[in-house]
Number of protein chains: 2
Amino acid sequence: MTVAHHHLSNLQASDSDSTAANSTAAHSTDHALNHVIIEFYEKLSSWEHAIVRDKGFSLSQVHTIELLGVHGAMRMKELADKIGVTTGTLTVQIDKMVEALWVVRRPHETDRRSILVELTDKGQTLFLEHDALHLQLTTDLTAKMSCEERVVLVNLLSRMNNEF
Amino acid sequence: MTVAHHHLSNLQASDSDSTAANSTAAHSTDHALNHVIIEFYEKLSSWEHAIVRDKGFSLSQVHTIELLGVHGAMRMKELADKIGVTTGTLTVQIDKMVEALWVVRRPHETDRRSILVELTDKGQTLFLEHDALHLQLTTDLTAKMSCEERVVLVNLLSRMNNEF
DNA sequence: TCATGTATTTTGATTTTCAAACTATAATCC
DNA sequence: GGATTATAGTTTGAAAATCAAAATACATGA
């Protein structure tokens with residue numbers, strides 16, 4: 001078996017060509033952007049793993065708390081889609097979280113098939129604690145940025161979020 | 001059980017205050033930044049889940065291929081830390097991936113305790129296919145951005161990556 | 001009304017994961 | 001150098017997470 005030696009490390013952004021906006025430059029920027037996004041995702045992912053391990057939760061549980069904390073009450077199906085598991089898996093997961101008093105189930109107002117899951121006060125507290133860790137990370141990661149740069153970053157990231 | 005109704009949806013970035021760079025403004029920008037990052041992470045995460053399900057891989061396996069594709073050969077320990085699992089877990093995972101001919105193990109040049117894992121040609125091909133999907137997503141997400149904005153985004157994200 | 005589609009739960013099997021014990025090598029300290 | 005301690009990786013057995021498929025209940029539309 002031959003082995004591939006090619007890899008993509010050390011792709012660094014150059015901010016010197018922001019005026020050369022032809023299509024070739026755009027293409028290479030897309031590649032660079034793709035790889036910094038992947039790297040950012042990977043690093044956030046392993047940071048989250050480490051945090052979660054320390055606290056004794058599972059990654060999915062924290063993800064659930066994060067989603068409910070950020071978006072508010074949600075239907076099982078919605079939540080399952082966002083987390084990326086089947087509803088069957090989510091049912092047993094939510095069972096445990098209900099038992100731990102982090103979330104409650106309540107009926108959907110208009111659709112009697114649906115069930116809304118929402119954080120309890122205890123769950124909300126947990127979310128806020130986790131959110132504070134995230135905020136600390138965010139602050140650390142952007143410590144060397146100017147306020148203007150941070151504002152630009154919020155703008156660009158939220159525009160990406162809206163395109164999903 | 002009382003239920004918490006507070007949540008944090010609809011936090012949107014405003015790019016109108018980039019000149020008001022006092023400390024209070026910086027603080028609220030950090031909060032906004034934190035939440036767009038969390039949302040971005042969540043959305044990427046469920047996108048990756050969906051992709052992975054379709055292809056019949058596990059999320060961890062794709063993560064491994066992604067890491068090896070981006071960073072090149074790595075020691076088991078390094079890889080386990082980046083993925084966020086124990087080395088015991090990684091051993092069985094890599095066993096399967098070796099069997100599938102996606103990766104090979106080879107001895108570390110200087111440390112005889114260590115083992116390097118690296119992509120085979122087949123694994124490299126898989127990585128490139130997955131990377132192409134990521135690139136397509138990146139392109140879609142930034143379709144409405146100017147070239148300058150994309151360059152700025154690469155710059156800001158890679159600076160965050162360097163602070164991890 | 002009846003057929004089809006959607007939301008959730010349950011079940012049993014499979015897969016993933018961990019912690020702990022074990023082997024082998026490296027580094028450190030007398 | 002030789003003993004001790006630390007690190008890298010594997011194995012093992014048990015616990016946890018996950019899935020697919022079946023079952024139930026409700027919704028939607030012909």
Side-chain angles (χ1 to χ4, degrees), chain A residues 45-46 48-68 71-100 102-118, chain B residues 45-46 48-68 71-100 102-118:
Chain A
S45 184
S46 70
E48 190 98 326
H49 253 288
I51 290 288
V52 157
R53 233 6 85 64
D54 283 353
K55 300 276 178 180
F57 306 138
S58 83
L59 195 55
S60 265
Q61 285 174 338
V62 170
H63 203 173
T64 300
I65 289 180
E66 229 168 44
L67 283 164
L68 293 178
H71 296 105
M74 245 185 286
R75 288 180 303 118
M76 293 289 286
K77 186 74 174 80
E78 255 182 298
L79 201 45
D81 287 345
K82 280 189 195 292
I83 298 174
V85 296
T86 62
T87 53
T89 298
L90 187 61
T91 293
V92 321
Q93 201 173 99
I94 293 296
D95 284 347
K96 285 174 196 158
M97 293 177 71
V98 166
E99 208 168 331
W102 298 339
V103 300
V104 288
R105 283 184 239 239
R106 67 175 163 86
H108 192 282
E109 291 86 353
T110 58
D111 187 342
R112 291 204 292 169
R113 292 169 306 177
S114 294
I115 292 202
L116 289 174
V117 183
E118 94 188 314
Chain B
S45 185
S46 69
E48 191 98 325
H49 253 287
I51 290 287
V52 156
R53 231 11 79 67
D54 283 353
K55 300 277 179 180
F57 306 138
S58 83
L59 195 56
S60 267
Q61 285 174 337
V62 170
H63 204 173
T64 300
I65 288 181
E66 227 167 46
L67 283 164
L68 294 177
H71 297 104
M74 244 184 288
R75 287 180 304 119
M76 292 288 288
K77 187 74 174 79
E78 257 182 297
L79 201 46
D81 286 346
K82 280 188 195 291
I83 299 175
V85 296
T86 62
T87 53
T89 297
L90 187 61
T91 292
V92 322
Q93 200 175 99
I94 293 295
D95 285 346
K96 284 174 197 158
M97 294 177 70
V98 166
E99 208 169 329
W102 298 339
V103 300
V104 288
R105 282 184 241 241
R106 68 177 164 84
H108 192 282
E109 292 87 353
T110 59
D111 187 341
R112 290 205 293 170
R113 292 169 305 180
S114 294
I115 292 202
L116 290 174
V117 183
E118 92 189 315

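Because only heavy atoms are used, hydrogens play no part in the values below, and waters and symmetry mates are left out as well, while side chains stay in. In what follows, chains are A, B, ... by sequence order, proteins preceding strands, each numbered from 1.
- Residue contacts for A:T87: at a heavy-atom cut-off of 4.0 Å it reaches a base atom on one of the strands shown.
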Which parts of nucleotides 21-30 of chain D does protein reach within less than 4.0 Å, heavy atoms only, written one letter per nucleotide 5' to 3' as B for base, S for sugar-phosphate only and - for none? -----BS---

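- Taking CE of B:M74 as the reference point, atom NE2 of B:H108 lies at 12.0 Å (rounded to 0.5 Å).
- Considering only the side chain of A:V85, D:dC19 comes nearest among D:dC19, D:dA17, D:dT10.
- Picking from C:dT17, C:dT16, D:dG9 the nucleotide with the shortest atom distance to the side chain of B:K96 gives C:dT16.
- Heavy-atom nearest nucleotides on DNA chain D were determined for B:H49 and for B:L116, and the one closer to the 5' end corresponds to B:L116.
- For the pair A:Q61 and A:W102, the minimum side-chain heavy-atom distance is below 4.5 Å.
- Residues A:S60 and A:I83 are in side-chain contact: their nearest non-hydrogen atoms beyond the backbone lie under 4.5 Å apart.
- With C:dT8, C:dT17, C:dA19 as the candidates, the nucleotide lying closest to the side chain of B:T86 is C:dA19.
- Formation of a donor-acceptor pair under 3.5 Å by the A:T91 side chain with backbone atoms of A:T87 is found in this model.
- Proximity note for A:T91 (side chain, C-beta onward) versus D:dC19, C:dT10, C:dT16: the nearest is C:dT10.
- Under a 3.5 Å cut-off, the side chain of B:E48 and the backbone N or O of B:S45 do not form any donor-acceptor pair.
- At whole-Å resolution of the value, NE2 in B:H108 and P in D:dT7 are 16 Å apart.
- Counting only heavy atoms from C-beta outward, the side chains of A:K77 and A:D81 approach each other to under 4.5 Å.
- Ion pairing of B:R106 with B:E109 is present here, as a side-chain N (NZ or NE/NH1/NH2) and a carboxylate O approach within less than 4.0 Å.
- B:M74 places its CE atom 15 Å from the P atom of D:dA8, with the value rounded to the nearest Å.
- Checking the phosphate oxygens (OP1, OP2) of C:dT16, no side-chain nitrogen or oxygen of B:Q93 falls inside 4.0 Å.
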Would you check, one step at a time, whether the test side-chain contact (heavy atoms from CB on, under 4.5 Å) holds for A:L68 with A:E118? CA-CA 6 Å; A:L68 293 178; A:E118 94 188 314; 5.8 Å; no

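- Heavy-atom nearest nucleotides on DNA chain C were determined for B:G84 and for A:E78, and the one closer to the 5' end corresponds to A:E78.
- Residue B:T89 places at least one side-chain N or O under 4.0 Å from the OP1 or OP2 atom of C:dC18.
- Put simply, CG on A:D95 is 6 Å from P on C:dT10, counting in whole angstrom units.
- In this entry the distance linking CD1 of A:I94 with C1' of C:dT8 reads 12 Å, nearest Å.
- Counting only heavy atoms from C-beta outward, the side chains of A:I115 and A:I94 never approach each other to under 4.5 Å.
- In this structure, B:L79 places its CG atom 15 Å from C1' of D:dT10, rounding to the nearest Å.
- Panel note: side chain B:T89, backbone B:V85; no donor-acceptor pair is recorded below 3.5 Å.
- Within the 3.5 Å criterion, the main-chain N or O of A:G84 finds a donor-acceptor partner in the side chain of B:H49.
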Interface polar pairs with nucleotides 12-14 of chain C, N/O, under 3.5 angstrom:
none

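- Note: A:R105 CZ to A:D95 CG = 4.5 Å, rounded to the nearest 0.5 Å.
- For B:R75, no side-chain nitrogen or oxygen approaches OP1 or OP2 of D:dT7 to under 4.0 Å.
- The nearest whole Å value for the distance from the NE2 atom in B:H63 to the P atom in C:dT17 is 12 Å.
- The distance from atom CG of A:L59 to atom C1' of C:dC18 is 15 Å, rounded to the nearest whole Å.
- Residue A:V103 forms a side chain to side chain contact (heavy atoms under 4.5 Å, CB included) with just one option from A:L79, A:V98, A:L116, and that option is A:V98.
- Rounding to whole angstrom units, CD of residue B:Q61 and P of C:dT15 are separated by 11 Å.
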Every protein N/O lying under 3.5 Å from an N/O of nucleotides 1-4 of chain C:
none

